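These notes concern the structure reproduced below.
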Amino acid sequence: MPLLWLVLTVLVLAAAGFAMGRGRAMASAGGDARRMHSLPVYYGTNVALFVITPALGLLLLWLLVQPAWIENRVSSDIPESAIGESSTLGLVMSDVRRIADGLDRAVAEGVIGEDEAREMRTEFTNVRDRLGEVGVALGSNVEAPILFAAQQYRQMSATGNLWMTVAVLAVAMVGFAGALVLTNKDYRARNVVERGVLVILIAAASIAILTTLGIVLSMLFETRNFFSQYPWTSFFFGFEWAPDFRGNSSLSIIPLLWGTLYISFIALLVAVPIGLFAAIYMSEYAGPKMRSVAKPLIEILAGIPTIVYGLFALITVGPLLRDYFAMPMGLGESASSVATAGVVMGVMLIPFVSSLSDDIINAVPQAMRDGSFAIGATHSETIRQVVIPAALPGIVGAILLAASRAIGETMIVVLGAGAAAAQFNRGLGELVNPFEAMTTVTVKIVSQLTGDTDFAAPETLVAFALGLTLFVITLGLNVLALWIVRRYREQYE
Amino acid sequence: MTDVKIAARDVQVYYGDNHAIRDVSVDIKDKTVTAFIGPSGCGKSTFLRCLNRMNDTIDICRVEGDIAIDGEDIYDKRVDPVQLRAKVGMVFQKPNPFPKSIYDNVAYGPKIHGLARNKAELDEIVERALRRGAIWDEVKDRLTEPGTGLSGGQQQRLCIARAVATEPEVLLMDEPCSALDPIATAQIEELIDELKQNYSVVIVTHSMQQAARVSQKTAFFHLGYLVEYGETGHIFTNPEDPRTESYITGRIG
């Protein structure tokens with residue numbers, strides 16, 4: 001039974017359960033809803049929940065476990081000899097899966113019969129040609145053990161799917177019957193549904209957390225691969241970034257991290273004062289009319305795609321900074337520079353800082369301002385000494401959020417600051433020169449993973465190590481933000 | 001015996017189209033506690049806020065008429081409302097300490113008005129203000145702790161100390177005890193009694209017992225009008241206006 005039908009069947013069962021549970025409860029109370037413990041709808045929901053939750057839970061689990069299990073069984077049957085010199089078990093297994101899929105498709109289209117698919121032998125049939133007829137292209141001729149493995153794979157999947165259908169439907173029926181038997185007018189359906197709601201909410205929260213965990217684990221796995229091929233000391237403590245796909249690369253994070261932090265720093269230098277002052281003007285001085293016009297205008301900035309900012313950096317800001325600052329001061333001749341990317345990124349971040357700070361400043365109680373005015377403080381004294389300190393935890397949060405955005409930004413950097421990593425061997429002067437081209441971690445992750453890449457080479461795998469490091473840094477930043485917010489909250493509330 | 005500190009003549013206050021205060025004329029005496037009583041929405045808080053021009057911070061609010069402190073019109077163009085508020089302190093209904101240390105809360109006013117020449121002088125001002133606020137003994141060992149960590153009654157006394165730190169001549173109190181328990185209320189009332197030696201105190205209150213306990217003069221407001229103004233003892237025992245009598249005996253309000 002296809003998956004969709006299975007899910008639909010469970011849902012139909014649940015709907016039937018809802019109607020029957022409700023009816024049974026009503027019947028047991030003699031049709032008078034006032035004599036029941038819960039509202040009738042709860043009894044119905046209760047039965048439906050008992051049908052859906054275990055059945056779909058089992059389905060999900062089964063779908064997760066079955067492929068891994070089959071893969072494991074089939075791959076253990078593939079003889080060493082079937083894996084060629086230049087190949088790996090993983091590559092062979094992907095062939096097996098493709099052949100199995102091809103056979104499935106051929107059967108579905110009626111090109112070959114089910115029996116033929118099962119009994120096909122390489123001695124008698126050219127599998128490659130037969131599958132070619134249904135549009136499954138195979139790279140090479142199919143060896144006997146691989147065809148056999150593919151047939152086994154199909155067989156086991158089919159059996160597994162059959163058992164899955166049976167098991168899921170059985171669980172659904174058991175839930176249906178069990179819940180229906182329990183249903184009578186004194187059954188506390190309302191409380192059970194309440195708990196069911198709790199479980200659903202927890203499940204939603206867990207999915208978010210588990211996804212994060214999954215991302216970290218997948219990165220961790222590839223990062224481990226990387227470090228098995230490349231010494232971690234050179235990665236963290238080297239000073240050169242020079243990838244070479246012919247081997248013998250220098251893959252150190254420090255030049256990239258320097259670029260990331262430098263560009264982010266300049267971005268914050270632009271975004272924090274402008275954003276904060278704009279927020280103060282909006283929330284404290286602007287009249288309602290001004291505010292209703294200006295605030296959306298500022299927030300339009302947040303809606304501009306970063307690639308457009310990148311173009312702005314490339315054709316306007318870059319040449320401008322070069323012609324009016326870098327060249328006259330003799331600091332460089334490149335339009336791609338740290339300053340270009342930093343300034344444009346700062347503009348991009350203004351609405352983040354201003355919008356969040358605005359909300360936070362508005363949340364400071366009016367009583368606080370009144371207290372300050374009543375002592376004879378002016379408006380700006382009140383803002384500087386009372387409103388901002390009270391809003392500080394939130395403002396710090398807003399700034400750190402902007403910092404996370406800055407660290408993760410890619411497009412503006414590619415177009416504004418170039419793709420050349422900082423070079424530590426040229427001395428400190430070039431490193432701190434804001435008109436020097438530089439690049440960031442994210443840009444290098446992209447460039448290491450685009451094009452014709454070999455996922456076994458350290459030059460490619462370094463992307464995962466970079467990604468993981470970046471993740472750890474942003475995580476640290478968030479933890480720091482939380483810590484600061486909590487510290488100030490203790491002091492101020 | 002005492003002279004007039006604040007003289008108001010024909011004061012009108014409008015909130016947009018709403019005529020909140022009508023024809024209020026009153027003379028508030030120096031070194032006296034004056035209580036404003038009246039039902040909610042009668043305009044007593046609004047009138048109080050006219051006395052230090054706090055209504056200026058509300059866009060739709062308009063004040064007409066003359067209010068003079070020591071014979072000087074406070075709504076004159078030459079008067080700086082910021083300077084005026086240093087002279088006319090205010091304490092609010094809800095304690096509103098700043099998110100700063102206890103010391104900085106009190107030092108805030110003197111600092112922005114430049115009342116202290118050095119740290120030692122500032123320390124002295126803060127201590128004097130906290131003593132006047134009758135809270136010195138409770139906080140002298142923890143001046144660096146946040147003002148928001150104090151109890152409600154302590155916070156309100158801190159706010160009073162903060163208000164007196166700038167050496168005002170008039171102290172306005174807008175229901176200063178409405179968020180406090182009876183013990184804290186008693187402490188504040190005692191404090192008000194001491195404060196009248198140095199200041200002219202104007203207090204808005206909903207509690208007639210409180211008005212009777214702390215004030216020498218009482219003004220009764222009703223629907224934006226000043227209905228009756230006189231000696232507290234006289235107002236409570238022998239009111240002239242039937243509306244005053246109805247209010248203090250609990251029939252309107």
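Below, chain A is the first sequence line, B the second, and so on; all start at residue 1. No hydrogens, no waters, no symmetry mates; every other heavy atom, side chains included, goes into these values. Just so it is clear, the structure is predicted and the values come from calculations on it, not from any experiment.
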**Contacts of B/His206 that satisfy ring-ring contact (aromatic ring centres under 6.0 Å, His included) - sequence neighbours left out** = none

**Item:** Pair B/Glu190 + B/Arg157, salt bridge at N-O below 4.0 Å
**Value:** no

Under 3.5 Å, sequence neighbours excluded: what are the donor-acceptor pairs made by side chains of residues 394-405 of chain A?
from: A/Ser404; atom 1: OG; to: A/Leu400; atom 2: O; distance (Å): 3.1

**Asked** Quick one: does A/Thr474's side chain have a donor or acceptor within less than 3.5 Å of a partner on A/Phe471's backbone?
**Response** yes

**Message:** Is it the case that the side chain of B/Asn105 and the backbone of B/Lys100 share a donor-acceptor pair, with hydrogens and angles ignored and the cut-off at 3.5 Å?
**Reply:** yes

**Prompt:** Does B/Thr32 reach the main-chain N or O of B/Ile28 with its side chain, forming a donor-acceptor pair under 3.5 Å?
**Reply:** no

**Asked** According to the ring-ring contact (aromatic ring centres under 6.0 Å, His included) rule, which pairs have a member within residues 354-376 of chain A, sequence neighbours left out?
**Response** A/Phe373-A/His379

**Message:** Taking side chain as everything from C-beta outward and backbone as N, CA, C, O, which of these in B/Arg53 sits under 4.5 Å from a heavy atom of chain A? Side chain, backbone, both or neither.
**Reply:** neither

**Message:** So which residue, B/Val82, B/Thr57, B/Asp80, ends up with the most heavy-atom pairs under 4.5 Å with chain A?
**Reply:** B/Val82

**Asked** Which of residues 88-97 of chain B have a heavy atom under 4.5 Å from any heavy atom of chain A?
**Response** B/Val88, B/Gly89, B/Met90, B/Phe92, B/Asn96, B/Pro97

